[in-house]
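Right, one structure below, let's go through it.
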Amino acid sequence: MSEFLESVPEVGAQSGAAMTLPPIERIRFEIWALAWPVILSFGLDSILGLSSMLMVGRLGANAVGAVGLAMQILGAVRAGIAAVGTGTVALVARYIGANDRDSAEEVLKQSVVFGVLVSTIIAIPVIIFAHPLMKLFQVKGEMAEMGARYLQVVMLSEPFQGIFLMCASALRGAGDTRTPLWIGGIIDVLAIFLNYVLIFGKLGFPVLGVDGSAVATLLAIAFGGILFFYALSIDGMVLNFRWKGLWPDFGLGRRILSVGNPAAIEQLLIQFGFVAYVGFIARYGAKEIAAYFIGVRILALSFLPGFGFSAASATLVGQGLGARDPKFSRRAGWESTGMAIVMMTVMGLVFIVFAHQIAALFIDDKQVIAYTVQFMYALAAAQPLMAIDWTITGALRGAGDSRFPLYGSLAGFYGMRLFLTILIWYHGGNIIWIWWSLLADYVVRSTVKVWRFQTGKWETIEV
């Protein structure tokens, strides 16, 4: 760690005083001020996902399954980038809490460098082995071919995705959740427009179908990465990107990754677990797999408060510890969780009430709609538990404690959801029972993480 200490001082080594935290009685206001731009940002992402799924859905169940399976693989391979992003949030929040902007900007710069390196290293083999990867889901023919092509094109955007995610993570750690919102909004609008033009062959372009959706995603993400560099060059931003000395600092890189590695391992193992989980669903047929991915896209809207309050709790917990005020950090974590539970429960109820009408917007196959509705019921019922899981995970990661979220997630997913799915499939059970296995998953996850946060041991972790 000596290389890091030479370039970026430890928290507390700087001469400036710690930042002034907001009064604790105003903490709900501060949480909401940080959470709503993230909620809206991910909301726009969800609208993009829903819009593209609506358009792809017009191409049939095979097209929906192809894009869904490719996105499942994409989620797995992005675990490496998640490690850099998690470490970036925790370190930037600590430095901002300690009133050390120079060190926070150094973390920003190195996170972008390592984000691009990691994403590029990951993208190359995925592009080469896209077709064998699709076979992991036990699908063949048109669905497998379309999914592999989609994956190869979208993976070309990963270096730009690395830039986008690292800049957004650093800004959120510094308390600026609005800049990622407006940049993400521009990208989402552009992506929706390009999806429409390229999928259906508008404005003189040829009809590209699923391939057009992939190209649209590539172009939009590339534009977003460039736009972030422009934004971070503007004077007056909470952080600025400094081009001077733009080479890897492996000491700082190790420190960023040491905080984020458990999160990366968690994401990687969970995503590979999802490959197996979705593989069992695929064994039931194309209609079941299409229903799963449509349901996930729809219910993604109800997940939005979880994303927002998780980001808010990570920022405030990290800044509180940087300012050496663990009482503030504890209150921020619990208040964020309570607010997330209320909002996600309400949204889950809305989706239960209107499940059939919403599912029918995406596809005109009655059987797929019926399966989708049942999946939506199960996922909506899990909303309060998911709120606890995501928000407490954000609080722990903001403190640099990313190991227990790993343990809780693995116990819930592998010990309950995947285990139950295998039993149900082996005994010829109905697909609906597999949908409901996720409830047991989130009971375990939320229990483990709440226990860890309650112990307060995260307050003494050094990052």
For [X] against [Y], the heavy-atom pair lying closest together:
X: Met155; Y: Pro159; answer: O-CD, 4.4 Å
X: Ala104; Y: Ile96; answer: CB-CD1, 4.0 Å
X: Ile388; Y: Ser446; answer: CG2-CB, 3.7 Å
X: Arg452; Y: Ile461; answer: NH2-CD1, 4.2 Å
X: Ser103; Y: Asp100; answer: OG-OD2, 2.7 Å
X: Ala63; Y: Leu59; answer: CB-CB, 3.6 Å

Fill in: Side-chain ion pair, Glu266 and Arg403, N-O less than 4.0 Å
no
Worksheet item: Should Arg26 and Glu30 count as an ion pair when the cut-off is N to O under 4.0 Å?
Response: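 Yes, Arg26 and Glu30 are salt-bridged.
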Is it the case that the side chain of [X] and the backbone of [Y] share a donor-acceptor pair, with hydrogens and angles ignored and the cut-off at 3.5 Å?
X: Thr460; Y: Lys457; value: yes
X: Ser402; Y: Arg397; value: no
X: Asp441; Y: Phe413; value: yes
X: Gln110; Y: Gly253; value: no
X: Ser313; Y: Ser310; value: yes
X: Arg94; Y: Ala399; value: yes
X: Ser329; Y: Leu321; value: yes
X: Glu158; Y: Ser119; value: no
X: Thr177; Y: Leu34; value: yes
X: Tyr414; Y: Gly273; value: yes

Has [X] got more than 12 heavy atoms of other residues, nucleotides or ligands less than 6.0 Å from its [atom1]?
X: Phe160; atom1: CZ; answer: no
X: Tyr196; atom1: OH; answer: no
X: Arg242; atom1: CZ; answer: yes

Practice prompt. Return the orientation label for the Phe307 and Phe42 ring planes: parallel under 30°, perpendicular over 60°, tilted otherwise.
Written response: tilted
Practice prompt. Check the angle between the aromatic planes of Phe453 and Trp334 and answer parallel, tilted or perpendicular using the 30° and 60° thresholds.
Written response: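 Answer is perpendicular, since the angle exceeds 60°.
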Taking the side chain as everything from C-beta on, heavy atoms only, tell me whether [X] gets closer than 4.5 Å to [Y].
X: Phe328; Y: Pro22; result: yes
X: Val154; Y: Leu218; result: no
X: Ile234; Y: Met237; result: yes
X: Met344; Y: Met386; result: yes
X: Leu54; Y: Phe362; result: yes
X: Arg172; Y: Val38; result: yes
X: Phe274; Y: Leu418; result: no
X: Val317; Y: Trp458; result: yes

Item to complete: Kindly indicate, with the supporting measurements, whether the criterion side-chain contact (heavy atoms from CB on, under 4.5 Å) is fulfilled by Leu232 and Leu108.
Response: CA-CA 10 Å; Leu232 290 172; Leu108 163 64; 4.2 Å; yes
Worksheet item: Do the side-chain N and O atoms of Arg101 and Asn240 include a donor-acceptor pair separated by under 3.5 angstrom?
Response: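 Note: Arg101 and Asn240 side chains meet the donor-acceptor criterion.
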Practice prompt. Consider only side-chain N and O atoms of Asn195 and Ser52, and report whether a donor and an acceptor are under 3.5 Å apart.
Written response: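 Asn195 vs Ser52: no donor-acceptor pair found between side chains.
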Fill in: Arg445 to Tyr442 six-membered ring, cation-pi geometry met (6.0 Å, 45°)
yes
Fill in: Test side-chain contact (heavy atoms from CB on, under 4.5 Å) applied to Met71 and Val67, step by step
CA-CA 6 Å; Met71 293 301 293; Val67 173; 4.2 Å; yes
Worksheet item: Can you tell which of Phe164, Phe223, Phe241 makes a ring-ring contact (aromatic ring centres under 6.0 Å, His included) with Phe229?
Response: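 Of Phe164, Phe223, Phe241, ring-ring contact (aromatic ring centres under 6.0 Å, His included) with Phe229 is met by Phe241 alone.
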Worksheet item: Strictly under 6.0 Å, is that where the ring centroids of Trp390 and Phe309 end up?
Response: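 No, ring centres 6.0 Å or more apart.
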